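These notes concern the structure reproduced below.
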Amino acid sequence: MAVAALASKPGISPATLTHLQRLEAESIHIFREVVAECENPVMLYSVGKDSAVMLRLAQKAFFPGKLPFPLLHVDTTWKFQAMYEMRARMAAELGADLLVYQNPEALERGINPFDHGSLHTDMWKTEGLKQALDKYGFDAAFGGGRRDEEKSRAKERVLSFRSAQHRWDPKNQRPELWRLYNTRKATGENFRAFPISNWTELDIWQYIHLENIPIVPLYFSQVRPVVERDGMLIMVDDDRMPLRDGETPMMKSVRFRTLGCYPLTGAVESTAATLPAIIQEMLLTTTSERQGRAIDHDQAASMEKKKQEGYF
Amino acid sequence: MTAQVSSKAGAHQSDLIAQDIDAYLQAHEHKSLLRFITCGSVDDGKSTLIGRLLYDSKMILDDQMAALEADSKRVGTQGGDIDFALLVDGLAAEREQGITIDVAYRFFSTDKRKFIVADTPGHEQYTRNMVTGASTADAAVILIDARRGVLTQTRRHSYLVSLLGIRHVILAINKMDLVGWSQETYDTILAEYRAFAAQIGITDFTAIPMSALKGDNITEHSDAAPWYDGPPLMALLETLPVEDDLQSRPFRMPVQWVNRPNLDFRGFSGLISTGVIKPGDRIKALPSGRESTVERIVTFNGDLDQAVAGQSVTLTLTTEIDISRGDVISIATSPPPVADQFEATLVWMDDEAMLPGRPYLLKIGTRTVGASITEPKYKVNVNTMEHLAAKRLELNEIGVCNLSLDAAIAFDPYAENRDLGGFILIDRISNRTVAAGMLHFALRRSQNVHWQALDVDKAARAALKGQRGRVVWLTGLSGSGKSTIANLVEKKLHANGRHTYLLDGDNVRHGLNKDLGFTDEDRVENIRRVAEVSKLMVDAGLIVLVSFISPFRAERRLARDLQAQGDFVEVYIDTPLDVAEARDVKGLYKKARAGQLKNFTGIDSPYEAPEAPEIRIDTTKTSPTEAAEQITAWLEGELDYSI
């Protein structure tokens, strides 16, 4: 059913494409352009809902062929268990080449979100990503960034160029006209490609709904053990989580609007256990998506800084 | 606090969401998409308008609203009231950091449509930014401050909108509350704009009187202007036709990727630019011209019975023909032309100026080829639309140039197809995108590829005369002997039964070019006209002898570029300056030396000798008669009369 909705129906005269059909076509086009013009592309796979949509779009772009690039998960060892399960499942179902990279220095030093604050993100994600890209020599990395995520991303280009040192040079980005992407770069330079730049959070959910795309169960409400900490509901996903004085895990019906490292990702109290219910809740909600991420709680410019350093 | 500004449309949607999410989803899965650009400066209320659209379509969430309220009190310009502009501003700080912002994209949706708004900030880079934003827009909203009327910048924005071929233009006459909703003011602005718009090719536009700040005529028809009976902005945006006309045009699909997962499958993937395709349709691959038939339209969701413009698909064919990335698959009955030389409009986007003759890369559709550009024929003053002479294009300048490509490409004029007519130029060294361009037409058809022979074409006309039409272009200093030699050559060719015509510099200046002087621009125009006339004559099958000083390489290059390859024979009448001056048949050198003639070639204006002429005549060793014999012999030996 959902499948037929996106495809042109036989015998019906051409009609205006829906917004999801146009977004899908644009994303597929971006995937194909980058793969056709780059030597060694990779897709950054974070296991979240945006990654799930990206994966489906990539499958569509190259169907009936397999994905012509590996998936790279820059792991922090602190993701939700359910995410690791989904990662294994998707790699197996797609027959995809899955690369998991963990920054060896962070591993050795036992960097964690409880003791190391922002160093956790810096080392595992920002440094880890750079190391992984260097290790495999990838010259293009697909990411799931969307322009609607926050004000500073509204101006973000589909292709974001990085120096050989992975620096994002804001003065050296290229204008993007029509459907033309300039993928030329010098040896060592690389870029991030954002095929779902023009999708909104609602588009993502609608597409997941229409296409019946598997997502991590954490997005659906369920009774889970959580503690309330610094104004956020943090799920006690394993026994590595040190409880503060007076903290006892409570069983609450919660779900997650975004997924990251479990100690840094706030849950919302909810009873939405189906996709329509999630979408309903999202549409009627009154706070923006990123509010659930501890990482963004500092200042608005923080994303910009992180991007200059290579995180996205 | 949002009660007095809360959107009715938003409220209505919320009810449906709350009561029947499945019905809501079903409706929203069938929304269409409209991309539009807003043009205007901060003073026109552009940010306020975008902020208002986001707000009225309920895209502002509580945490954002709280921040907006706080910011409005702190830094707002509305005396503590909500300042919608703050929702989209915030680019100032980024500008200070030196971050290049071409375009910021904003998203909102109503129950009918999803919208992507391209917002182009900045004054310095305005042309570059606006062209970038406009390149993907279906519609443009041009803002006018009712107090100030049609300004220079309104003209500039409108010109760029027209240049980029945006079909739907909405004239938002804003801040009507500040002119007391005067219909007279509105009508005056409208009349002025209509007269101007017609001049730049905008024949159809819709004007709306509004106040973005107060929310009048944005989502609801405003009572403030009972004399206005048109739709409010949102209703108009919701009903503009989108891309529907693309499907009625001939099928075109630039091939992005040859999908070959195994030996049994070979598919050609791409995004359909125009038209409709079905299995069984006869197609033609370009530039090769090979034909086949569509077997299947393959997608992840199953094979399709037809696919339309805007969809990304994979086609398989019934026969194996050679198609690669960069080719265009078209419907066989109506293929695009193929050529390698074009006239195009360029918008220069790089700090480093455009250099004529420098090799760039050109990316069009999925094809990248080497390209060189001639000097601009003219550049356009974007404020007045005047055509100005130019030797180069600087950042943010727009000009019309000829392009010469390393290889032939399939194309459509930009006005007919953005994908097959819009291109970017890339610097080979820095890899920067240095220009955006729009193809107008091919300067000539490629030699080897003919789609459809015209019943009577150049070759047919020449064949009837038993010759091949060509231009024999004699260049050299004044007094070098060009005219004498050209006259002798024509006599010989004529005696041989050839059909000829001699265009002499002096003679042409008595007629066709008598309005031209000797300034640089006029010299260029002089050559351009003669080159065009000789092109017509070659097309008619004639052998054209052109005897012109034509001192600059670029101009001769221009004349050469107009002709098909091999149809331009450059003859350098090589006479040293001192010899020519000593002859001084017309007494001109004497006058020039005496300062009575300005810009005289060889004296105070340079002569750039040809680097690789087909024929060189050294007049210090060769008499005019010998020279004429040499040229005639070369031509008769070269001319292939069998065509």
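Computed from a prediction, not measured in an experiment: that's the story for all the values here. Letters go in sequence order (proteins before strands), and every chain restarts at 1.
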Is it the side chain or the backbone of A:S27 that comes within 4.5 Å of chain B heavy atoms, both, or neither?
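Neither the backbone nor the side chain of A:S27 comes within 4.5 Å of chain B.
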Can you tell me if A:R184 has over 12 outside heavy atoms packed within less than 6.0 Å of its CZ?
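It does not: A:R184 CZ has 12 such atoms or fewer within range.
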Considering residues, nucleotides and ligands other than A:E39, do more than 12 of their heavy atoms fall under 6.0 Å from its CD?
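No - once you tally the heavy atoms of other residues, nucleotides and ligands closer than 6.0 Å, there are 12 at most.
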Nearest 0.5 angstrom please: B:W257 CH2 to A:R32 CZ, how far?
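Between atom CH2 of B:W257 and atom CZ of A:R32 there are 10.0 Å.
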Nearest 0.5 angstrom please: A:E24 CD to B:Q311 CD, how far?
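With rounding to 0.5 Å, CD (A:E24) is 8.5 Å from CD (B:Q311).
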Pick from [options] with the largest number of heavy-atom pairs that fall under 4.5 Å of chain A:
{"options": "B:R418, B:K114, B:K278", "result": "B:K114"}
{"options": "B:S269, B:G133, B:S430", "result": "B:S269"}
{"options": "B:V131, B:N262, B:D22, B:D419", "result": "B:D419"}

Per-residue contacts, residues 270-280 of chain A versus chain B, heavy atoms under 4.5 Å:
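Counting heavy atoms that sit under 4.5 Å from chain B, the residues of residues 270-280 of chain A involved are A:P276, A:I279, A:Q280.
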B:T433 vs A:E176 side-chain heavy atoms within contact, under 4.5 Å
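No - every pair of side-chain heavy atoms lies 4.5 Å or more apart.
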Checking heavy atoms, do the side chain of [X], its backbone, both or neither come under 4.5 Å from chain A?
{"X": "B:V434", "result": "neither"}
{"X": "B:R35", "result": "side chain"}
{"X": "B:I424", "result": "both"}
{"X": "B:R325", "result": "side chain"}

Test of understanding: with side-chain hydrogen bond (donor to acceptor under 3.5 Å, both in side chains), list the residues that count as partners of A:E269, not counting sequence neighbours.
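Partners of A:E269 under the side-chain hydrogen bond (donor to acceptor under 3.5 Å, both in side chains) test: A:K252.
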For residues [X] and [Y], report the shortest heavy-atom separation together with the two atoms involved.
{"X": "A:N182", "Y": "B:N431", "value": "ND2-O, 2.9 Å"}
{"X": "A:L180", "Y": "B:K363", "value": "CD1-O, 3.5 Å"}
{"X": "A:T16", "Y": "B:S32", "value": "CG2-CB, 4.0 Å"}

Side chains of B:Q256 and A:E33 only: does a donor on one sit below 3.5 Å from an acceptor on the other?
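A donor-acceptor contact under 3.5 Å links the two side chains.
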